[in-house]
S.K.: 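For reference, the structure I am asking about is given below.
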Amino acid sequence: MGSTQPNFYHPEHQPVANSLSASEKIWFIVAMIPSGQVSAYGKIADLAGLPGRARYVSKALKMAPDSLQLPWHRVINSQGKISFKPDTTQFRDQLERLRVEGIEVHKGKIQMAKFEWRPDMATLVLQLPF
DNA sequence: ATAGTGACTCCAC
DNA sequence: CGTGGAGCCACTA
């Protein structure tokens, strides 16, 4: 006894083989949003196992490599609106991308009841690598 | 260490 | 509906 070796049988010492960074988890979830549907920053954070970090989701999207081709435009705020300021190219870009896939935006707002992504949690969890 | 800054949320008016 | 404010968290100067 008296060993200083970590006890890998203890719940808190489970081997972390597929540990993804917070950003990677966020990117993974965002990549799952189906075309024609949207989700909120806060929801993405929750699904990524990062409750309370909606603001971090926006940062993760900003730093995401272009090579990932993430459908970042499908992420809007909890009020059903685009979070960029209306007079920015980013706002116009997101608006255009949403409309291209059939998402209606009236007066800057999207009907969440009609376009919000509602994944079956039981199925979703099985697809997560974390 | 402190203060400011968001692609955020929630809630009270 | 619009606004304001508090709470939030990671990051930066």
Side-chain angles (χ1 to χ4, degrees):
Chain A
M1 309 311 265
S3 169
T4 57
Q5 293 300 309
N7 170 16
F8 289 109
Y9 289 95
H10 188 285
E12 294 186 296
H13 290 175
Q14 289 297 313
V16 284
N18 54 13
S19 176
L20 290 136
S21 69
S23 291
E24 292 172 321
K25 291 178 180 175
I26 289 168
W27 298 338
F28 193 92
I29 299 295
V30 170
M32 297 180 80
I33 306 174
S35 174
Q37 296 188 279
V38 297
S39 190
Y41 297 94
K43 285 288 183 55
I44 298 301
D46 289 343
L47 293 175
L50 303 166
R53 266 164 280 188
R55 309 195 87 135
Y56 187 71
V57 171
S58 65
K59 285 184 181 175
L61 290 179
K62 181 189 293 183
M63 67 168 73
D66 293 345
S67 61
L68 258 46
Q69 297 278 338
L70 290 182
W72 58 271
H73 57 286
R74 296 176 191 147
V75 185
I76 60 181
N77 63 38
S78 65
Q79 309 315 301
K81 301 193 296 185
I82 288 175
S83 281
F84 289 112
K85 293 176 184 174
D87 59 344
T88 63
T89 54
Q90 302 179 108
F91 177 94
R92 286 186 282 277
D93 186 9
Q94 182 164 17
L95 179 61
E96 175 61 19
R97 286 166 182 269
L98 289 173
R99 287 179 166 158
V100 163
E101 42 187 74
I103 296 172
E104 301 162 24
V105 186
H106 294 313
K107 295 187 177 182
K109 197 170 65 179
I110 296 165
Q111 293 182 52
M112 295 305 267
K114 186 174 182 179
F115 300 103
E116 185 177 28
W117 176 41
R118 295 189 188 70
D120 176 68
M121 292 307 287
T123 302
L124 178 69
V125 172
L126 294 179
Q127 298 179 282
L128 303 180
F130 56 90

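Naming convention: chains lettered A, B, ... in sequence-line order (proteins, then strands); numbering from 1 in each chain.
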S.K.: Are K43(A) and I29(A) side-chain neighbours, meaning at least one heavy-atom pair lies under 4.5 Å?
M.R.: no

S.K.: Name the nucleic acid region contacted by K107(A), choosing base, sugar-phosphate or nothing; use a 4.0 angstrom heavy-atom cut-off, strictly under.
M.R.: nothing

S.K.: Please state how far atom NZ in K43(A) lies from atom C1' in dC10(B), giving the value in whole angstrom units.
M.R.: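 Going from NZ in K43(A) over to C1' in dC10(B) covers 14 Å.
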
S.K.: With rounding to whole Å, what would you report as the distance between dA7(B) and dG7(C) at their P atoms?
M.R.: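 About 22 Å, rounded to a whole number of Å.
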
S.K.: Just distance, no hydrogens or angles: give the donor-acceptor pairs under 3.5 Å from side chains in residues 98-112 of chain A, sequence neighbours left out.
M.R.:
{"unit_1": "R99(A)", "atom_1": "NH2", "unit_2": "V105(A)", "atom_2": "O", "d": "2.7"}
{"unit_1": "E101(A)", "atom_1": "OE1", "unit_2": "H73(A)", "atom_2": "NE2", "d": "3.0"}
{"unit_1": "E101(A)", "atom_1": "OE1", "unit_2": "R74(A)", "atom_2": "NE", "d": "3.4"}
{"unit_1": "E101(A)", "atom_1": "OE1", "unit_2": "R74(A)", "atom_2": "NH2", "d": "3.1"}
{"unit_1": "E101(A)", "atom_1": "OE2", "unit_2": "G36(A)", "atom_2": "N", "d": "2.9"}
{"unit_1": "E101(A)", "atom_1": "OE2", "unit_2": "R74(A)", "atom_2": "NE", "d": "2.7"}
{"unit_1": "E104(A)", "atom_1": "OE2", "unit_2": "K114(A)", "atom_2": "NZ", "d": "3.2"}

S.K.: Rounded to whole angstroms, how far apart are CG on L70(A) and P on dA7(B)?
M.R.: 17 Å

S.K.: Who passes side chain to side chain contact (heavy atoms under 4.5 Å, CB included) against A54(A), sequence neighbours left out?
M.R.: Y41(A)

S.K.: If you pin Q79(A) and Q94(A) to their nearest nucleotides in DNA chain B, which one's is more 5'?
M.R.: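 With Q79(A) and Q94(A) compared, the 5'-side residue is Q94(A).
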
S.K.: How would nucleotides 7-13 of chain C be written as a contact map, 5' to 3', with B for base contact, S for sugar-phosphate-only contact and - for no contact, using protein heavy atoms under 4.0 Å?
M.R.: BBSBS--

S.K.: Check every strand shown and say whether A22(A) touches a base, only sugar-phosphate, or nothing at a heavy-atom separation below 4.0 Å.
M.R.: nothing

S.K.: Answer yes or no: is there a side-chain heavy-atom contact under 4.5 Å between L20(A) and F28(A)?
M.R.: no

S.K.: Among dC8(B), dC10(B), dA7(B), find the nucleotide with the atom closest to the side chain of N77(A).
M.R.: dC8(B)

S.K.: To the side chain of S78(A), which of dC10(B), dA7(B), dC1(C) is closest?
M.R.: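 The listed nucleotide nearest to S78(A)'s side chain is dC10(B).
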
S.K.: Do P119(A) and M32(A) make a side-chain contact, defined as non-hydrogen atoms from C-beta onward lying under 4.5 Å apart?
M.R.: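 SC-SC contact between P119(A) and M32(A) ruled out.
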
S.K.: dC1(C) phosphate, OP1 or OP2: any side-chain N/O from K109(A) under 4.0 angstrom?
M.R.: yes

S.K.: So which protein N/O to nucleotides 2-5 of chain C N/O distances come out below 3.5 Å?
M.R.:
none

S.K.: Can I get a per-line list of side-chain donor-acceptor pairs under 3.5 Å for residues 120-127 of chain A, giving both atom names and the distance, sequence neighbours left out?
M.R.:
{"unit_1": "D120(A)", "atom_1": "OD2", "unit_2": "T123(A)", "atom_2": "N", "d": "3.0"}
{"unit_1": "D120(A)", "atom_1": "OD2", "unit_2": "T123(A)", "atom_2": "OG1", "d": "2.7"}

S.K.: Can you name the closest pair of heavy atoms from S58(A) and R55(A) and give their distance?
M.R.: OG-O, 2.6 Å

S.K.: Please name all residues satisfying salt bridge (charged side-chain N to carboxylate O under 4.0 Å, His left out) with E96(A), sequence neighbours left out, ordered by chain then number.
M.R.: none

S.K.: Would you say that W117(A) contacts L47(A) through its side chain, given a criterion of any heavy-atom pair below 4.5 Å between the two side chains?
M.R.: yes

S.K.: How many Å lie between CH2 on W27(A) and C1' on dA7(B), as a whole number?
M.R.: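 In whole Å, dA7(B) C1' and W27(A) CH2 are 16 Å from each other.
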
